[in-house]
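Numbered from 1 within each chain, the chains take letters A, B, ... in sequence-line order.
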Amino acid sequence: MFADIQEGVRQKFRQAIHDLFSLQVDAPTLGFPPSPEMGEISITSCFDLAKQLRQPPRKIAGQVVDRLLPLAGVERATIAGPGYINLHLDRAAVAADVFLRRSSRRQPRPLDAVKVLVEHTSINPNKAAHIGHLRNAVLGDTLARLLRFRGWPVEVQNYIDNTGVQVADVVVGFMALEKKTVQDLRHLIADQSGERFDYVCWDLYARVSQHYGDHPEEAALRLATLKALEDGEGEAAEMATLISTTITRSHIATAERLNVRYDLLVQESEILRLEFWKSAFELMKKSQAIRLEDSGKNSGCWVMDLQEQVPDADEGANGEDVKVIVRSNGTVTYVGKDIAYHLWKFALLGKDFGYERFHRYPDGAELWRTAVHGEPNAPAFGHGGHAYAVIDTRQSYLQDVVRRAFLALGYAEQAANLRHFAYEVVGLSPRCAKDLGVGLGEEDRSYVEVSGRKGVGIKADDLIDTLFVRALEEVRSRDTVSGEEEQVACARQIAVGALRYFLLKYTRRTLIAFDFKDALAFEGETGPYLQYSVVRARNIFRKFREAHPGYISAALPEADLHQYLAAGHGQPFWDLVLLASQLEMAVEQAISTEEPAALAKYCFRLAQAFNNFYHHHRILQEPDPARQNFLLFLTHTVAETLTQALDLLGIQVPDRM
RNA sequence: GCGCCUGUAGCUCAGUUGGAUAGAGCGGCAGACUUCGAAUCUGUAGGUCGGGGGUUCGAAUCCCUCCAGGCGCGCCA
């Protein structure tokens, strides 16, 4: 609602400026007056126009104001200070609309037929997932939810590098260090009594990394193993498939605990077997995006120029800026494969994968993965119009190489629709590292890097388990939730809520120094606080229905809304309605700035406002039935808004807590 | 050396893309439970927005320059 009014204001303003001064201007950026009594939307554009029009801003504002109305949802417009235009909304209309919107939970109208692809998680399938991977998964999953809410068709992909060195290292670990055969491995995986397979690999991977460090002469074995995986032949390849598939399943399970799902697993093995690179290579050669270097240190390599194609570039020959795409031995580098994958995302490769079913979610939704020979009636994957890649900020350089490759190939439009959703990594707080027995290395650093290679990190499932136990203690310490099963279900939701909110409340560029004290907090700006707010609202309705069986929240007459939301006594109520009406705006902002934290903050503000309201009004004791009805209307509106907003963060609300 | 990111209250972080009086959580202090359960709420203390210039009617936000951190820059992935 609020977002629609904003859009209306923008258009009307442009029209007004056009009519008054025959001037085409950009849509004005809208702000908020400093105090709610001054209105809900402010326009500051008259200041910008002052110079151009040679008129004082206040005078311009005076002329514009008359032409802004009538406008749906806006009651009146005023001029303030040296030239601000403030709009006062039609409170009753806004309240009625928000109530309706939140009650019906109607599907958003489709924005476009173009599909948006979101690639996230993409963990190397050679060890258990850790806290850093969770940030990626939760950010990506939330982004996907936001886009769907906005009306985009979304496809979530998870890239599985099942033929890379990380898997190869674990294969070497089992074969060379542990002297295990494929059969041994099968038994180890099937044996439920021992340690989890992904945890075994976690330790083994660290050991292998250490081993290579101590024995540089083993590098040949490493390369040979990698080659075997790429060719898909021999026992090593068989082991790799076993390892990567098993571990991918555990990653999927871990993600599912956090309400994170995927539509498709894209495996590197198929990129190799189906020769995706070959097609990409041809394209790049044909369009001269890459060239064969015949001298210098990169002699024999196919390289891509990274220098900007601007004529006035400095003549400085200080080291040519190129990136090797194909090595002198003819093999393709990591970016090369990534370029091929991204070309496929936009259906620019002229090739497609086969697909097979991999996993079925409890509600019947299916997760597919790529295959050389797929099932005949597989859905159509790929063919995206936009593609987000959720990858940590350290890979910005390589993501930029992919983008430049698109430009060099002449795909400017697709390059613009290729979004690297970059985020900072998760580190460990010094205290946390100390608890894990990890040395701080250098003296006083504010965080310690997570490293799969060194086995340093908090395993995702351990963290979720710890949160669950803490939540269960908390649930049991109150007697609001009865029954073992309910308590467990409640504790699960709280654990997930705490973790997802913790990972989402920081903006992307903020490095999270993980600390149990913060992550396990259930008070203040936390997931459980948000969940609790909704539970409080639900408790009111539960209790109310005891005296009024079958009560359903219903819309209120405009006259009542008008009365209760009026300036003065109604201001606090209106503030709450207004905030609830801004959900769509918050989502829009979260998408356009690629900042899910914006929605997390919005949820918190709404919960805070509601808790304040809750504290000031004893709704069930309200003697005036009409007023009580209004308070229930308000409670319902806010609780539903918060529930939907939390759903976008992937956070569910327990029945009681 | 080059490139990108960051610096806001004791701590951890927001700050609606340049607007009106810089906010929140935690921690500190002082208060509020007769069940719509306090996983809550209220009040209070606390800030030269890293420093210095500049642009502008107006700057935490844009530009320049220092200072201090972080991350990238492989024929690794």
Side-chain angles (χ1 to χ4, degrees), chain A residues 29-35 38 42 44 47-48 50-51 56-57 80-84 86 124 161 164-166 168 226 268 297-303 306 318-319 321 323-335 337-338 392-398 400 422 424-425 427 429 445-447 471 474-475 477-480 494 505-507 509-513 515 517-518 521-526 528-533 535-544 582 585-586 589 592-593 597-598 600-602 604-605 608 611-612 614-622 635 657:
Chain A
T29 50
L30 304 179
F32 305 90
S35 146
M38 298 170 74
S42 73
T44 58
F47 295 104
D48 300 328
K51 201 184 295 172
Y84 295 99
N86 290 333
N124 269 300
D161 184 4
V165 278
Q166 291 216 15
L226 180 59
E268 189 173 78
K297 61 171 184 172
N298 293 328
S299 181
C301 299
W302 287 87
V303 303
L306 293 180
N318 41 347
D321 202 4
K323 175 72 189 164
V324 171
I325 306 295
V326 179
R327 304 181 187 106
S328 53
N329 67 2
T331 58
V332 60
T333 57
Y334 167 72
V335 236
K337 284 180 269 191
D338 217 26
D392 75 63
T393 182
R394 294 175 303 187
Q395 296 214 40
S396 295
Y397 166 69
L398 289 175
D400 198 47
E424 257 298 350
V425 295
S429 73
R445 286 174 61 94
S446 55
Y447 73 97
E474 207 67 39
V475 168
S477 72
R478 300 147 215 265
D479 49 341
T480 44
I494 290 172
K505 74 174 179 181
Y506 298 97
T507 50
R509 306 279 179 202
T510 301
L511 190 150
I512 301 177
D515 194 280
K517 183 175 140 286
D518 304 327
F522 292 164
E523 291 168 10
E525 194 191 341
T526 65
Y529 171 87
L530 302 179
Q531 294 169 313
Y532 183 64
S533 310
V535 168
R536 284 181 131 179
R538 290 187 185 166
N539 286 342
I540 295 174
F541 287 106
R542 199 197 322 273
K543 195 71 182 268
F544 187 74
Q582 290 170 335
M585 179 193 77
Q589 190 202 341
S592 65
T593 59
K601 290 286 174 195
Y602 170 79
F604 179 63
R605 283 208 300 147
Q608 240 181 351
N611 276 321
N612 177 280
Y614 176 94
H615 200 262
H616 281 84
H617 303 280
R618 258 154 287 257
I619 298 171
L620 295 178
Q621 271 74 52
E622 173 57 49
T635 303
M657 66 186 278

Between [X] and [N], is there a contact of a side-chain N or O with OP1 or OP2 at under 4.0 Å?
X	N	answer
A/Asn124	B/rA77	no
A/Tyr84	B/rC57	no
A/Gln582	B/rU16	no
A/Tyr532	B/rA39	yes
A/Tyr614	B/rA38	yes
A/Asn539	B/rG37	yes
A/Arg394	B/rC4	no
A/Arg478	B/rA38	no

With heavy atoms under 4.0 Å as the rule, sort [X] into base, sugar-phosphate or nothing.
X	result
A/Asp338	nothing
A/Gln166	nothing
A/Leu30	sugar-phosphate
A/Gln395	nothing
A/Thr44	base
A/Ser299	base
A/Ile494	base
A/Gln531	nothing
A/Thr526	nothing
A/Phe522	base

Relative to the 5' end of RNA chain B, which residue comes earlier, A/Thr510 or A/Ala80, by the nucleotide with the nearest heavy atom?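 Of the two residues, A/Thr510 wins.
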
For A/Thr393 and for A/Pro33, locate the closest nucleotide of RNA chain B by heavy-atom distance; then report the residue assigned to the nucleotide nearer the 5' terminus.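 By nearest-heavy-atom nucleotide position, the 5'-most residue is A/Pro33.
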
Determine if the base of B/rU6 is syn or anti; take syn to mean the glycosidic torsion is within 90° of 0.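 Anti, which is what one calls it when the glycosidic angle falls more than 90° from 0.
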
Using the glycosidic torsion, which applies to B/rC33: syn (within 90° of 0) or anti (everything else)?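 B/rC33: syn glycosidic orientation.
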
Donor on one side chain, acceptor on other, A/Asn539 and A/Arg542, under 3.5 Å: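 Looking only at side-chain atoms, A/Arg542 and A/Asn539 do form a donor-acceptor pair, the distance falling under 3.5 Å.
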
Looking only at side chains, do A/Tyr529 and A/Asn611 share a donor and an acceptor under 3.5 Å apart?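 Yes, because at least one side-chain N or O of A/Tyr529 sits under 3.5 Å from a partner of the opposite role on A/Asn611.
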
Of the candidate nucleotides [options], which contains the atom at the shortest distance from the side chain of [X]?
X	options	answer
A/Cys301	B/rA39, B/rC75, B/rG25	B/rC75
A/Arg509	B/rU42, B/rC5, B/rG19	B/rC5
A/Gln589	B/rA20, B/rU16, B/rG70	B/rU16
A/Met657	B/rU12, B/rA20, B/rA39	B/rA39
A/Thr593	B/rC41, B/rU17, B/rG74	B/rU17
A/Asp48	B/rC57, B/rG37, B/rA20	B/rC57
A/Tyr506	B/rA39, B/rC13, B/rC41	B/rC13
A/His615	B/rA32, B/rC57, B/rG70	B/rA32
A/Lys601	B/rA77, B/rG19, B/rC13	B/rC13
A/Glu474	B/rU40, B/rG25, B/rA39	B/rA39

Using the [atom1] atom on both, measure [N] against [M] and round to a whole Å.
N	M	atom1	value
B/rA24	B/rG74	P	46 Å
B/rC4	B/rG25	P	37 Å
B/rG7	B/rC26	P	23 Å
B/rG19	B/rC13	C1'	23 Å
B/rG15	B/rG23	P	15 Å
B/rU12	B/rA30	C1'	24 Å
B/rG1	B/rA9	P	30 Å
B/rU17	B/rU61	C1'	8 Å

Name the pairing partner of [N], where a pair is Watson-Crick or G-U wobble with both distances under 3.5 Å, or state none.
N	value
B/rA39	none
B/rG7	B/rC67
B/rC2	B/rG72
B/rG23	B/rC13

Where do A/Phe544 and A/Ile619 land on the side chain to side chain contact (heavy atoms under 4.5 Å, CB included) test, with the steps shown first? CA-CA 9 Å; A/Phe544 187 74; A/Ile619 298 171; over 6 Å; no

If stacking means aromatic ring centre less than 5.5 angstrom from the base's six-membered ring centre, planes under 30°, is A/Phe32 stacked on B/rU16?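 One would call A/Phe32 stacked on the B/rU16 base.
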
How close or far is atom [atom2] of [N] from atom [atom1] of [X], stated in whole angstroms?
X	N	atom1	atom2	result
A/Asp515	B/rC11	CG	P	15 Å
A/His616	B/rU42	NE2	C1'	7 Å
A/Glu525	B/rA39	CD	C1'	15 Å
A/Ile512	B/rC11	CD1	C1'	16 Å
A/Asp479	B/rA39	CG	P	11 Å
A/Asp400	B/rC5	CG	C1'	14 Å
A/Asn329	B/rG74	CG	C1'	14 Å
A/Gln621	B/rG37	CD	P	10 Å

Heavy-atom closest contact (A/Tyr602 atom, A/Ala586 atom, distance):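 The answer is CG-CB, 3.7 Å.
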
Distance criterion of 3.5 Å, no angle test: do you see the side chain of A/Ser328 paired donor-to-acceptor with the base of B/rC75?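 Check passes, donor-acceptor contact within cut-off.
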
Mind telling me whether A/Phe47 and A/Tyr84 have parallel, tilted or perpendicular rings, with 30° and 60° as the class edges?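 Taking A/Phe47 first and then A/Tyr84, their aromatic rings stand perpendicular (interplane angle over 60°).
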
Quick check on the 6.0 Å ring-centre criterion: do A/Tyr532 and A/Phe522 meet it?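 Ring centroids of A/Tyr532 and A/Phe522 are no less than 6.0 Å from each other.
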
Pair A/Asp392 + A/Arg394, salt bridge at N-O below 4.0 Å: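 So A/Asp392 pairs with A/Arg394 through a salt bridge.
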
